[in-house]
Structures are given as C-alpha cells and as structure tokens.
Amino acid sequence: MNFLKNIFRMAMVAFAAIAVTACEPNGEQGEGSNITFSVDVDNITATSAKIKVTHDGKTADSWYGLFTTDTSTREDRLVEETVANLKQGDLGAQLVFSKNLTKILAPLTPNTTYKYIAFGLTEDGVVYGERASVEFTTLSSSGGGNNGGAEDEVYDQMLPNPAWSIAYTGAGKINEEEYKHIVTVNSTDNNPYNIVVIYAREYDASDPSQLRVLGEQLVESMTSYLESYNTTYGTSLVLNDMLYRGNGQNAFDDLYPGYYIAIAMGITSKGEVSGLYAVSETFHIEEETPTSLYSAWLGDWIIKGDNNISNEVVIARNVANRSINLIGLQGLPFSVVGEYSTERNDVIFAAQVVAQNYTFDDGSVGDVHLVGVNDEGKFYGLDNGNYGIAIAGVLENGKYAIVRYGLREPDYPNFVAMMLTAYIGGEYYDLGDNIPSFNGIAELAPAESATRRSSVKSFSFGKSKIESIKRPLSLGKRIETERF
C-alpha cells in the first residue's frame, strides 16, 4: 500500500495545474436562498468521527458548521451566539461553500457527547434555510495490556513489537512504480501501523515514551489530510484506509540529504496510538547530482511583474533537485527558499522566515519574513503557517513565469505578490514597495548580462547588480495581516 504517497502526489499535481493555468472560479455567494440541510455521522471512535453535510441549494450558497459539546442549550440560541462571535472576526473566511462535505472531526475526547449543527449563513451574518443537526457520543478509550493482545488494543506504554522489523531498502518499485527511497516493514502479526521517517537526531532511544507524542502528531496529520482530501475529491476515506496490516512498504522520495530513521508506528483503526513500534537502523540520504532541468533554473534572472515592476534576482542551488535559493526580491539581499519538483519542473514559494535577529537602522532587532499579498492588497502573516504563495514553472511556449498559487477553495487567498517584511515584537513592517506582481503571470526572463551559475553550490553576488547592502535596512509602515 502506498496510499499516502499517491494521494499527496495527486494533490500536488492538481495544485500545479491550477497554478500554471491561473484559472479562478467565478461563483458568487448565495443571497439567502431557502435551502435544507442534512447531517449524518458515522465511523465514531474514541477520538474521531466522520461528519457528512449535504444541502439542496446551490454550490455558491454559504453555510457554517457549528461543533460543540453543549447539548443542553436550544439550537437557535447556540446559532445566535455563534454568529455573534463570528462577526467579531472575518466572518466570510469561516463560511463553507459545498453541497456535499465530508469532514473528519478530531481529536475528540473519549466518552463525550458532541453536537454538530449545519445552517445557512451569508457573509453579512444573515442566517437562512432549514438547519440540521446530529448528536453522537465518542467511544470509551481502551487501555492496559501488553503487546501480546489483539489488534487495535491500546497499551499504557510504548512497547517494541517483536513481530515487526523495519528497514530502509532504497530504490525499488511499489505497485509497478519506481521510487528512489523505500522503507519496508516485515510483519508476522495483524496489528495496524503506519510508517514515518524522521531525522535520526530527533530520536532518543533511551526514552521511547517520546514516540507517543510523535504518534499523536502523525494521527493528527493523517486525519487533517484525509479531511482535506475528502473535501477536495468528494471521497469518504477514513483513517483505516491509510493503515498497514502485515507486510508493508512506503516511499519517501521527498527526503532531503541527511541521516534518518524509519519507524513503524502502531495506530489503531480508531485513531489511537497503540503503543507498539519498531525502529530501523540509521540510514543516510546523499545529495543528488543536479539534473539538466534543475540546472537550467540557476543563474541571473529578471522578474517582470504585470504591474511593470522588475527585479533582477539570482537563483542559486540550495539542495540539488530539491530546492533553490532566490536572492534579490524587492532588490534586497535575502535568500528565499523555493521547493523544486523534479516531476513537474517547477518551484513553489511558501511563506517563510528568511532571516533571524536582523538589526535594523533604528537599532531594533527582528526577523525578516516572506509573506503573501492577495488581489485585494491584504497581507497574510506566518500565523497562517507556511502556506503556498506562488509557483514558478515553464509555460507551453517555453518561457519561465511566476503565477498565483492555491486551491479552488473559498478560504484560500488569491495571492498576486510575495513580499519581504520585517517582523518585530509581534508586528509586521514593510521593507519597500518594489514588488513585481503576478495577477496573470510575472515573466521570469534570463538577465541579458547573466553569467549562468548552473553548477554552483554556494556563491557570492560578484559583479551581479544585486549587491550586499552595507547599511542596515530601514523599517517602513506597519502592516496589518489577515487570517484564513
């Protein structure tokens, strides 16, 4: 089984197709039409449940899902209080636009009663339509025992499972598809598990109890991904679909160079960390030789925004065939990391910390962040996570360009620029407004006087027009950031 790898790659291919074509839906929000909701729940475990919401309105009709442990207050009062709270923030960003939504609720508390209410709600805070609700109680958590028990049993301590052996086996095939880095588990029992790879330095063999925290994070990540995948593709997959029983293999071709261990982590079909585990020997991933396609990205370029602003930048090697460094955005000598895909020959730029403990000209010390700017001129800080801002790819005519990045989701901003900002004491400040935008595309053209650096691992600016700034940077105006 290679479910997680495959659906991740499917999702990323979808992202790239959307970004390169830069097509956006033109649907409008519903205006309070009468719709009727239906809410169902199944796959109830001690820590999760699957909710399915449907309605008979239009896709553009907006609604909200209220999830609470308050099962005694009248529903109309709960809705009224919830809407009042939503109005205190960005109400529109909280709304759902889907006629058929499957959502995994997790992590939940065992033996607890919950209520989920779906009701129509406009961006102006008007409640409409016929709401629907469902109550359910999570299962009691199991516990105790040892690793000789039945599958799906949960143990009160982390125990190495002698029935599992796990090893990094290198390049090979899974389901007739070639991969460079495969981890294999041989199992003589039927206990469910998943496979995770971490840096070797993060594992303390003397304290295996730390593995439970890792397992809980793994369950949370798997559950979150399933929710997103089911919503995007209209499927109803559950956590059990991502677990192995018996022998298993998974591919990890996204590994950076370094030393790793692989772990078979016991996860029950109910979404609990069972306590069983197996750990591989330490293995080393070496940096690859740069491909010709990757090398073609390296050198001096000019970003030509569709707002007639241009920046000369340098794209240099970070990790061969995995990532690049972009220096010179806004004419500033900071390095922005972009994730490179060998499959698509493109580079994704995500929000990130660019520099730490930088001293500005007024003596203040802070960090430099790369953030996204949407088509309404709103800024989004790193409290939204390392979200994707832009993608650079090769168009059908062979030209390189940067375009907006994102899913066809109402709550994902239409980014049209990426900007370097100062972050000091919890506040953002701009560092200038020399920002090429990509409402359509921003052309990425080789600089006429460029000296290509296709084989350079590290570099200096040399005679490039991008030179280190001798004096500290000045802070600009304070920026208000948005959440999504």
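This structure is a prediction, so every number in the text was calculated from the model and none was measured.
- Scored by the side chain to side chain contact (heavy atoms under 4.5 Å, CB included) test, Glu443 finds Lys304, Lys399, Ala445 as partners (sequence neighbours excluded).
- At least one side-chain heavy atom of Asn345 sits under 4.5 Å from a side-chain heavy atom of Trp297.
- A distance of 7.0 Å separates CG in Leu431 from CE in Met419, rounded to the nearest 0.5 Å.
- Residue pairs satisfying the salt bridge (charged side-chain N to carboxylate O under 4.0 Å, His left out) criterion with at least one member in residues 211-236, sequence neighbours excluded, are listed as follows: Lys103-Glu227.
- Residue pairs meeting the side-chain hydrogen bond (donor to acceptor under 3.5 Å, both in side chains) criterion with at least one partner in residues 84-95, sequence neighbours excluded, do not occur; the list is empty.
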- CA sep, side-chain torsions, deciding dist, call: Tyr412, Phe484, ring-ring contact (aromatic ring centres under 6.0 Å, His included): CA-CA 7 Å; Tyr412 200 91; Phe484 64 91; 5.6 Å; yes
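- Residues satisfying the side chain to side chain donor-acceptor pair (under 3.5 Å) test with Thr73, not counting sequence neighbours, are Asp70.
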Atom pairs and distances, side-chain donor-acceptor, residues 361-371, under 3.5 Å, sequence neighbours left out:
unit_1 : atom_1 : unit_2 : atom_2 : d
Asp361 : OD2    : Ser474 : OG     : 2.4
Asp362 : OD1    : Ser364 : N      : 3.0
Asp362 : OD1    : Ser364 : OG     : 2.5
Asp362 : OD2    : Ser364 : OG     : 3.4
Asp367 : OD1    : Asn357 : N      : 3.0
His369 : ND1    : Tyr428 : OH     : 3.1

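- Tyr277 contributes atom OH, which lies 7.5 Å from atom CG of Leu159 (distance to the nearest 0.5 angstrom).
- Listed by chain and residue number, Asn374, Glu376, Tyr380, Glu482 satisfy the side chain to side chain contact (heavy atoms under 4.5 Å, CB included) test with Lys378 (two or more places apart in sequence, or in another chain).
- Among pairs with a residue in residues 416-425, none fulfils salt bridge (charged side-chain N to carboxylate O under 4.0 Å, His left out), at least two apart in sequence or across chains.
- The side chain to side chain donor-acceptor pair (under 3.5 Å) test applied to Trp63 returns no partner, not counting sequence neighbours.
- Among residues two or more places apart in sequence or in another chain, the side chain to side chain contact (heavy atoms under 4.5 Å, CB included) test is passed with Glu75 by Lys115, Ile117, Arg131, Ser133.
- Aromatic pair Phe415/Tyr387: ring centres closer than 6.0 Å.
- Residue Gly125 comes nearest to Val83 through the heavy atom pair O-CG1, 3.7 Å, listed as atom of the first residue, atom of the second, then distance.
- The aromatic rings of Trp301 and Tyr400 sit tilted relative to each other, their planes meeting at an angle between 30° and 60°.
- Residues that satisfy the side chain to side chain donor-acceptor pair (under 3.5 Å) test with Asp430, not counting sequence neighbours, are Lys477.
- Considering only residues two or more places apart in sequence or on other chains, Phe379 meets the ring pair (Phe, Tyr, Trp, His ring centres under 6.0 Å) condition with none of them.
- Partners of Ala264 under the side chain to side chain contact (heavy atoms under 4.5 Å, CB included) rule, at least two apart in sequence or in another chain, are Trp164, Ile166, Val185, Tyr193, Ala278.
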